[in-house]
**Student:** 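A single structure is presented below for examination.
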Protein chains: 2
Amino acid sequence: MPSYDPRTVRGLTWHDAVPRFADGSDTPRAYLDRCLATIAEKEETVRAFVVFDAGLAREAADASTLRWKAGKPLSPIDGMPIGIKDLIETKDFPTQMGCAAYAGNFPRRDSAMIQALKQAGAIILGKTVTTELGGSEPGPTTNPWDTTRTPGGSSSGSAAAVAAGMVPAAIGTQVGGSIIRPAAFCGNFALKPTQGGIHRGERQGSSQSTAGIHANSYEDMWQVGIEIAKRAGGDPGALGLMGPDMPPQPVRPERLAVLETEGWTVMRDSERAAFETLVERIRALGVPVLRRADHPWIETLERLSAQGRAVTNVVVGFENRWGLLNLESTHPGGLSARATARLRASEAYTAEDYRAALAVREEMRAAMARVAPLVDALIAPASPGIAPLWDPKAPDAASNPRPTGDVACNAATSALGVPCVTLPVMAVDGMPFGAQLIGQVHQDARVTAMARWLFASL
Amino acid sequence: MPSYDPRTVRGLTWHDAVPRFADGSDTPRAYLDRCLATIAEKEETVRAFVVFDAGLAREAADASTLRWKAGKPLSPIDGMPIGIKDLIETKDFPTQMGCAAYAGNFPRRDSAMIQALKQAGAIILGKTVTTELGGSEPGPTTNPWDTTRTPGGSSSGSAAAVAAGMVPAAIGTQVGGSIIRPAAFCGNFALKPTQGGIHRGERQGSSQSTAGIHANSYEDMWQVGIEIAKRAGGDPGALGLMGPDMPPQPVRPERLAVLETEGWTVMRDSERAAFETLVERIRALGVPVLRRADHPWIETLERLSAQGRAVTNVVVGFENRWGLLNLESTHPGGLSARATARLRASEAYTAEDYRAALAVREEMRAAMARVAPLVDALIAPASPGIAPLWDPKAPDAASNPRPTGDVACNAATSALGVPCVTLPVMAVDGMPFGAQLIGQVHQDARVTAMARWLFASL
């Protein structure tokens, strides 16, 4: 029986180690060595990393240690060991994207966010496991709280590495729920920024994909995000993550609303009960929480959000089709059966279907903007349940369409393009069960501040 | 002395050959052979192509010929030989981008637009010369009207191949003026669509880059664009080029306004006089043409447009920096001195500078949208002058910052993200001197229709 309890769990954090770097009682090198010890202990079971380089990391940690000793750190995350999802290009490691077609792919380029992290002194420890091309085909990573369960996907390795205490923070990306869901399955603090908030690097081929941060505290989560955005900004054409240089202070929300999403009808009773209890606890703090029946604009948003999965399927399927067809042609047999099936299905979508999906997405976003005067943020389950059991050797494994979990609570919040922050305050069956706090576009700092207040108060 | 005269010039077109394919008096194979003969005759001087494959093209033309004979062409451009700017990936040719660092680069991928063109039956004849990475360092192409002059850039080869009658249409891309300016220098009909109108393929790293079409008629120009957009749509997240399946019929504009842009003050007297004559000729057709003094909203748009070059420099410099730094690292010496100097300059821009530039761009776009009720379209010179002389062996060649011409008339219209169509109706010193007609976002078809009317009426 897993033993996750949000009241007692204490993950590996960075921000509270920093004062000891300044006074010399700890060093980034010693911090790194503790991370490496944890990896040595747990990686055989968790399998969060595709590759990491302890030697390179120690060199970087030694350099950081000298900077802290000299009182001249490059940033508050100077020396922080970070895991990078293997969809993102790094100069020192291959980028294989969990896909046979990219085996050995080693472009020796640092994506803009990696250049920014290095400028801030952070240590790129290694590449974390992603599902194949961020899709449905899982990698080998297990859930640190129960190895018979998925860590979620597609940012499987980033979520697990943080939850296992191997690193204080890791980078993930989300198209349909790939940051928020694995964070919820693993009990992490995570930010999926406003669409375009963090520069994605070379892979800009999707209009619905966001890079974000997994961490064991809101402080580390925010600091990593803002250090990247200060230097590299967001995606081309986007303003990028904006907000204070240091983590936003806790702010009490004046009013919230529940966003049920498509996940509501497929939730188990135990998880729904846990979420309803959470809503009552928030109300007990004096924060009103509206429901869909309380205002027609919330009802409209719910109604449109019910198209989140359909919209995401068409948008992502059409956008990814061109590249996947090339990949299939250049690397015959290099795509999994799951990815190939999805590609074949996506070939049915026309440019008109795509435009229609974009139009619905715009309607969803307008409905979201409309509720701004009603509530400070929305709250929703981060997934319809706890991390599902996953056994790649099970007889039905090949036919399981969602080995890393259901997007039903995430498709709409991804399509909305708004900032989402996980709220790791629930447990079901001894496993993490997460909520997500959902803000308005560019209110990443505000939703982080409210999540901090809720977490501290609950 | 060059002999360009817009009243008598008759370029190679496709749309008027199509009826003969249907009745069997001409074939796509014969059409292609005529193109190849022109290439054989002129390419040594013009140097429009990096590479082309006559054998592959003949195979495709034979297949097209059979489809037309069977009465089953894939589209109205089935069999059309097209040149593709060498920034765009094609499966059958290397993509070397005019850059030493990409020498031999051969990813064997068809960009979405190439997949769409092939689905429509078009023949990808070869890759046309681009300036280095679409920047300032010129390729070997000369202007077909005067080989001592630049064809313009960065779509140098596409503009020249069309003007020389080697192909009826070619694909270009524009960041700061790279479709409209070379088209004007060569006397072409060209469309720079609404930002995002045509899917750019793998290179999505800039928020201010648009793929477009060079042709020798509005009919071919439109047909190529819409055949691509019907199949592959626009950039991810964009609606893509929309409009009728066949070229829009001529439409008389009710009212126009001149947009002087930054180019106005640097124009020579002869070109300014030619443009003023054009304005008078349009007025003589009964179409009022407002000037900046006629309405404060036009004055505001002019004032903001004067920041077009500054905005473009910051936006493009910051967006391209990350990739260029990687290229410099992976391919030492692989960038020209001009590109290296620009990269060094771009390193001074911060994420805040970038955001500020995006904000100005948004103001420009709002000012553009505001004039919609005043005028149907704006008209402006497409460049401050005719194609400049260019001799790579001249003593001042290395220090010439703009070997392919000045962006002063194009930076603003590029930054505005609106559709622009060239109007090849002027000549100065026997060389083409172009105007551009500028519409509102997504009014690509309407501005094409008005350009058709103006061209026919002038």
Side-chain angles (χ1 to χ4, degrees), chain A residues 89-91 106-116 195-196 199-209 226 228-242 315-316 318-323 325-327 329-331 349-356 358-359 361-362 417, chain B residues 89-91 106-116 195-196 199-209 226 228-242 315-316 318-323 325-327 329-331 349-356 358-359 361-362 417:
Chain A
E89 292 187 347
T90 51
K91 189 175 284 183
F106 200 163
R108 298 184 189 274
R109 293 187 286 239
D110 274 339
S111 291
M113 76 166 82
I114 305 297
Q115 295 185 40
Q195 173 68 46
H199 197 298
R200 282 176 287 170
E202 296 293 319
R203 286 168 58 88
Q204 304 276 350
S206 170
S207 70
Q208 190 174 312
S209 158
I226 205 68
I228 295 172
K230 275 166 71 170
R231 292 167 176 83
D235 281 336
L239 293 178
L241 181 68
M242 294 175 73
V315 167
V316 176
F318 189 79
E319 291 179 348
N320 287 350
R321 180 206 295 178
W322 317 100
L325 285 173
N326 278 319
L327 202 62
S329 151
T330 53
H331 295 81
Y349 303 136
T350 66
E352 275 305 319
D353 295 334
Y354 176 66
R355 280 189 191 116
L358 290 183
R361 197 170 72 174
E362 282 308 307
Chain B
E89 291 187 349
T90 51
K91 189 176 286 183
F106 200 163
R108 298 185 190 277
R109 294 188 286 239
D110 274 340
S111 292
M113 78 166 80
I114 305 297
Q115 295 185 41
Q195 173 68 46
H199 197 300
R200 281 176 288 171
E202 296 294 318
R203 285 168 59 90
Q204 304 276 350
S206 170
S207 70
Q208 190 174 312
S209 158
I226 204 68
I228 296 172
K230 276 165 71 170
R231 292 167 175 84
D235 281 334
L239 293 178
L241 181 68
M242 295 176 72
V315 167
V316 175
F318 190 78
E319 291 178 348
N320 287 351
R321 180 205 297 179
W322 317 100
L325 286 172
N326 278 319
L327 203 61
S329 152
T330 54
H331 295 80
Y349 303 135
T350 66
E352 275 304 320
D353 295 334
Y354 177 66
R355 278 189 193 116
L358 289 183
R361 198 170 73 174
E362 282 308 307

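Note on naming: letters A, B, ... go to the chains in the order of the sequence lines (proteins, then strands), and numbering restarts at 1 for each one.
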**Student:** So for B:L327, is it side chain, backbone, both, or neither that comes closer than 4.5 Å to the heavy atoms of chain A?
**Tutor:**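 The answer is neither part of B:L327.
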**Student:** Taking A:R231, A:E319, A:Q115 one by one, which has the highest count of heavy-atom pairs under 4.5 Å against chain B?
**Tutor:**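 Ranked by heavy-atom pairs under 4.5 Å with chain B, first place is A:Q115.
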**Student:** With rounding to the nearest 0.5 angstrom, report the NE2 to CZ distance, A:H199 to B:F318.
**Tutor:**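 Answer for the NE2-CZ pair, A:H199 versus B:F318, is 7.5 Å.
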**Student:** To the nearest 0.5 Å, what is the distance between NE2 (A:H331) and CZ (B:R108)?
**Tutor:**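 Those atoms lie 11.5 Å apart.
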**Student:** Let me know if B:L239 has heavy atoms under 4.5 Å from chain A in its side chain, its backbone, both or neither.
**Tutor:**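 For B:L239, heavy atoms of backbone and side chain both lie under 4.5 Å from chain A.
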**Student:** Give the C-alpha distance, both sets of side-chain angles, the deciding distance and a yes or no for side chain to side chain contact (heavy atoms under 4.5 Å, CB included) between A:N326 and B:K91.
**Tutor:** CA-CA 9 Å; A:N326 278 319; B:K91 189 176 286 183; 4.1 Å; yes
**Student:** Which atom names give the shortest non-hydrogen contact between A:A351 and B:A229, and what distance separates them?
**Tutor:**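 Smallest heavy-atom distance, with atoms named: CB-O, 3.7 Å.
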**Student:** Could you have a look at B:A238, B:S111, B:G234 and say which one has the most heavy-atom pairs with chain A under 4.5 angstrom?
**Tutor:**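 That would be B:A238.
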**Student:** A:S207 and B:P236: which non-hydrogen atoms are nearest, and at how many Å?
**Tutor:**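 What the structure gives for the nearest pair is CB-C, 3.6 Å.
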**Student:** Looking at A:G323, A:A232, A:G233, A:S329, which one has more heavy-atom pairs under 4.5 Å with chain B than the rest?
**Tutor:**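 Of the candidates given, the most pairs with chain B belong to A:A232.
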**Student:** Just so I understand: if I count every heavy-atom pair under 4.5 Å between each of B:M242, B:R109, B:Q208, B:K230 and chain A, which residue has the most?
**Tutor:**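 Answer, by heavy-atom pair count under 4.5 Å with chain A: B:R109.
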